[in-house]
Visitor: 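Encoded as structure tokens, here's the structure I'll be asking about.
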Amino acid sequence: MMKKRKWIWTTALAAILMSVSIMTAAAADRVITSVTIRVNSKLEPGSTLPDIGLDSGSVESGEISVSSSTNRYTVDRAEWVTSTSRTIEVGDRPEMKVWLRAGSEDYFKGTYRSSNVSVKSGDFVSAKREDSDTLMVRIRVQAVKGDFAPPEDAYWKDNARGMARWEKPEDGDSGKYEVVLRRGSAKVHTVETTGTSYNFYPYMTTAGTYSFRVRTIAKTSADENYGKSSDWIESDELYIAKEDVSDGSGRTDVTVGPTGNTLVGWQYQDNEWYYYYPDGTCQRDSWLNVNDRWYLFQADGKMLKGWQNRDGKTYFLSDNGDMHMGWIQAEGRWYYMNPIPGDYFGAMVKNQWAEVNGKTYYFNQDGIMVEGWYQVGEDWYYFYPGDGNKAVNTWIDTFYVDENGIWRK
């Protein structure tokens with residue numbers, strides 16, 4: 001009898017232990033120890049955040065969807081934390097709350113952190129268990145990609161020579177800009193700044209027509225992952241005359257030569273203009289091309305003006321110092337400065353014929369345009385007074401000039 005009871009108790013104890021083991025294993029299977037949420041965002045700059053609807057265990061709209069990767073829990077609902085009325089800009093990372101619903105066999109544990117919550121194409125912010133079946137996870141969507149918006153306007157500030165100004169865009173602004181100063185089509189200086197103005201005057205060391213262009217660029221290296229530079233915005237033109245150019249003071253890109261000299265380019269000293277190089281020397285006793293204009297300097301480095309004779313040729317240099325080409329009138333006389341590149345480029349035409357705009361002229365030994373009857377070699381020609389062009393194939397009073405303009409007796 002005792003043996004039978006012992007067997008019964010042994011069998012009952014084994015059944016109880018097995019039942020406890022099964023219950024313990026089942027309980028362990030029901031605990032959701034980690035969570036994974038997948039986000040697919042197609043949000044674009046310039047739009048607002050869309051409404052979010054529920055569809056078969058995930059939430060989605062045309063621009064964004066949120067889903068889970070297991071059947072142990074599903075996405076129950078979601079709502080935006082970020083204002084849905086604000087326009088989305090490049091780099092924005094909207095936040096939303098996502099509620100997860102546990103399956104009938106599972107439940108959420110008490111605490112979830114970044115170590116056990118994974119957000120694909122987004123970032124985990126926080127999590128809160130509302131009950132064993134419901135977990136609220138706050139997430140941040142990946143940055144919205146696109147082009148930064150260009151500045152609204154670009155212009156030169158009045159009464160502040162060389163001060164470039166631009167207006168920040170209303171939307172899509174990174175807060176950083178690239179600005180390029182140009183003289184004609186040549187690039188003079190480039191700068192990156194977080195402001196909306198820049199003083200380019202220290203770089204205006206040469207007379208000419210200046211303009212600048214500006215665009216919005218990425219502010220940080222992280223910004224470069226989602227934002228592309230905007231289109232360029234062009235300013236109007238600003239002319240800087242020779243007497244108004246900068247002496248270079250305030251430049252940040254000046255090359256200091258071996259003598260320690262920082263005066264470069266045009267310098268106005270004792271009412272005279274000079275052109276300096278970084279090593280401290282200046283242009284002397286020669287021609288110099290600056291911004292496609294030619295200047296002549298005497299032996300002491302002073303820039304020359306007016307009529308100048310050099311190497312047997314005559315030139316005229318304007319009040320700004322640049323070499324004049326084409327027609328010029330002086331003391332009631334007309335002269336012509338050769339505009340064709342070569343040995344006589346810029347020199348006064350003397351004892352020569354010249355074709356100008358389809359008309360033929362002759363200039364005497366002094367370079368003066370002849371008028372009326374004039375003998376060249378053995379032949380006589382007639383040049384219309386005032387205009388100076390040669391008459392051809394016509395009668396001048398009772399005298400006939402042929403197709404070459406020669407008077408036929």
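Bear in mind that the values here come from a model prediction, so they are computed numbers and not experimental data.
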Visitor: Looking only at side-chain N and O atoms, does Asn309 offer a donor or acceptor that is under 3.5 Å from a partner on Thr314?
Guide: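 Thr314 vs Asn309: donor-acceptor pair found between side chains.
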
Visitor: Side chains of Phe148 and Lys228: does their closest heavy-atom pair fall under 4.5 Å?
Guide: no

Visitor: So do the side chains of Phe345 and Trp294 get within less than 4.5 Å of each other, counting heavy atoms only?
Guide: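 Counting from C-beta outward, Phe345 and Trp294 do come under 4.5 Å.
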
Visitor: Under 3.5 Å, is there a donor on one side chain and an acceptor on the other for Ser85 and Ser83?
Guide: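 Yes, side-chain donor-acceptor contact under 3.5 Å.
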
Visitor: Regarding Glu167 and Tyr155, is there a side-chain donor-to-acceptor distance under 3.5 Å anywhere?
Guide: yes

Visitor: Is a donor on one side and an acceptor on the other found under 3.5 Å between the side chain of Thr134 and the backbone of Asp131?
Guide: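 No; zero donor-acceptor contacts below 3.5 Å.
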
Visitor: Within the 4.5 Å heavy-atom criterion, are Ile32 and Tyr73 side-chain neighbours or not?
Guide: yes

Visitor: With side chains defined as the heavy atoms from C-beta onward, is the minimum distance between Gln298 and Gln308 less than 4.5 Å?
Guide: no

Visitor: Less than 3.5 Å apart, any donor N or O on the side chain of Asp173 or Tyr177 sitting next to an acceptor on the other?
Guide: yes

Visitor: Can you confirm whether the side chains of Lys242 and Ser318 place a donor and an acceptor under 3.5 Å from each other?
Guide: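 Checked: Lys242/Ser318 side chains show no N/O donor-acceptor pair below 3.5 Å.
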
Visitor: Tell me, do Tyr107 and Val31 make a side-chain contact under 4.5 Å, heavy atoms counted?
Guide: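 The answer is yes, as the side chains (C-beta and beyond) meet within the 4.5 Å cut-off.
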
Visitor: Considering only heavy atoms from C-beta outward, does the side chain of Met323 approach that of Trp287 to under 4.5 Å?
Guide: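 Of all side-chain heavy-atom pairs linking Trp287 with Met323, at least one is under 4.5 Å.
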
Visitor: With no hydrogens and no angle check, is any side-chain donor or acceptor of Asn364 less than 3.5 Å from a backbone partner on Asp366?
Guide: yes

Visitor: Can you name the one residue among Phe383, Tyr374, Trp327 that meets ring-ring contact (aromatic ring centres under 6.0 Å, His included) with Phe363?
Guide: Trp327

Visitor: Heavy atoms, side chains only, cut-off 4.5 Å: are Ser235 and Trp156 in contact?
Guide: yes

Visitor: Would Lys390 count as a cation-pi partner of Trp353, with NZ or CZ less than 6.0 Å from the six-membered ring centre and within 45° of the ring normal?
Guide: yes

Visitor: Should Phe212 and Leu238 count as side-chain neighbours, where that means a heavy-atom distance under 4.5 Å?
Guide: no

